[in-house]
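Structure record follows, encoded as structure tokens.
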Amino acid sequence: MKRTKGVIIIGDGLADRPVAELDGRTPLEAADTPNMDRVAASGECGQMDPIGPGVRAGSDTSHLAILGYDPFKVYTGRGPFEAAGIGMEIRGGDICFRCNFSTLEGELKLEGDHFTGAKVTDRRAGRIAEGTRELIATVNGMVIEDVTCYAKESVEHRAALVLRGPGLGSKVSDVDPHDEGKPPHAATGEDDESRKAARIVNEFVLRSWQALKDHPVNQARIAAGKHPGNILLPRGAGVAPHLEPFEKRYGIKGACVVETGLIAGIGRYLNMTVPEVKGATGGADTDELALARAIIEMLADHDFVLCNFKAPDLGGHDSKPQAKIAAAQKMDNLVGYVLEHIPAGTHIAITADHSTPISFGDHTGDTVPIATCGPNVRPDSVRSFGERAVVGGAICRIRGFDLMKVMTNLMGVQEKFGA
Ligand code: ZN
Ligand code: ZN
């Protein structure tokens with residue numbers, strides 16, 4: 001069987017519900033999308049439940065499902081993917097935390113299982129944006145007992161903490177008190193493994209404050225009248241799942257062309273190639289053609305590319321129909337470039353990872369439209385790409401978890417099940 005390449009282009013939150021000010025159309029239906037209509041008209045269409053019927057999907061759980069990893073089995077929270085998304089190397093079994101650089105006043109002490117002597121006065125350390133790399137370098141790699149603590153800065157005051165060592169659990173409470181004017185909460189654990197992790201985290205927090213309080217970056221901030229980032233406050237503990245790398249699972253090389261750290265983290269986690277795309281901002285102003293060019297570049301030495309285009313989701317969360325229409329049209333521009341430049345015979349799927357309806361301002365569990373095209377597809381009677389236009393198409397209704405099987409079948413790269 002001849003092998004072909006495959007591309008899945010995902011409009012983040014692209015699907016929607018009828019909008020009164022668009023005369024009952026959805027933003028996707030109201031948008032001018034000749035290229036996505038071309039995919040629909042030349043291929044097979046249908047509806048997709050990203051996770052399952054009616055399930056409100058997050059972007060992370062939905063992308064896991066679309067890549068063929070059952071989120072109900074493997075998802076332990078966003079922490080491990082966010083840490084991978086900022087460039088940390090994460091292994092299955094690591095305990096991951098999200099952290100804030102915060103400002104602490106007083107002399108912090110750990111007395112038994114309580115922090116005393118100091119309180120958090122600014123949870124975001126004046127939204128510290130500079131010097132966090134230098135600050136974190138002083139605590140990264142700290143060894144406590146038989147556990148190594150890895151820390152890395154993210155945007156502004158955000159950071160990640162990863163514990164690696166034997167016998168660690170993730171049922172660990174937050175150190176971040178979530179309110180200002182309070183001391184940090186000493187972490188507690190629900191079981192023996194988690195109690196060990198809690199003990200390590202508390203020691204890490206104490207030592208991080210000792211290492212950061214007089215750091216030159218903080219002395220300079222204090223001298224300039226700014227709040228110092230003199231403590232790291234972990235929260236949201238989660239264990240990193242053991243996931244089979246994409247190439248091992250499918251026997252093909254995959255890349256992720258994406259705009260957000262969270263989805264980049266999923267790609268890195270699965271050992272997929274995640275290129276840096278200049279001009280891809282993740283915002284409404286993003287350069288969609290830069291993403292399209294990256295897809296084509298990746299196809300030169302990869303079999304499969306997943307692309308996430310973030311802008312439609314933002315219009316949905318902001319309940320701005322015109323912004324969402326503009327985002328859908330940008331996505332159409334992206335799809336048009338890809339159609340013009342892909343290697344002959346490549347199979348394409350266009351879809352969404354969930355609905356983010358204007359009327360709801362957040363993700364809902366509605367179906368999303370899907371269209372596939374390529375030489376092995378049997379065209380149906382659907383002529384345009386939209387939530388309702390695809391109903392009655394040949395794909396009928398599938399789950400996100402089915403999509404990689406659909407694609408690898410079209411691509412001729414799937415192992416036969418049975419004799
Ligand atoms: Zn999403
Ligand atoms: Zn969203």
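Order of listing sets the numbers, starting from 1, for every ligand and every atom in it.
Looking only at N/O/S atoms, Asp353 comes nearest to the Zn ion (ligand 1) through OD2.
The number of heavy-atom neighbours closer than 6.0 Å to CD of Glu130, taken from other residues, nucleotides and ligands shown, is 12 or below.
Stacking of Lys119 on the aromatic ring of Phe115 is not recorded, the 6.0 Å distance cut-off and the 45° axial limit not both being met.
Here Glu244 does not pair with Lys73 in a salt bridge; the nearest charged N to carboxylate O distance is not below 4.0 Å. Contact check on Lys310 versus Glu259 returns no salt bridge, with no Lys/Arg side-chain nitrogen under 4.0 Å from an Asp/Glu carboxylate oxygen. A salt bridge links Glu156 with Arg127: the closest approach of a Lys/Arg side-chain nitrogen to an acidic carboxylate oxygen falls below 4.0 angstrom.
At least one donor-acceptor pair closer than 3.5 Å links the side chain of Asp303 to the backbone N or O of Lys253.
Below the 2.8 Å limit, the Zn ion (ligand 2) has as protein N, O or S neighbours Asp313 OD1, Asp313 OD2, His317 NE2, His363 NE2.
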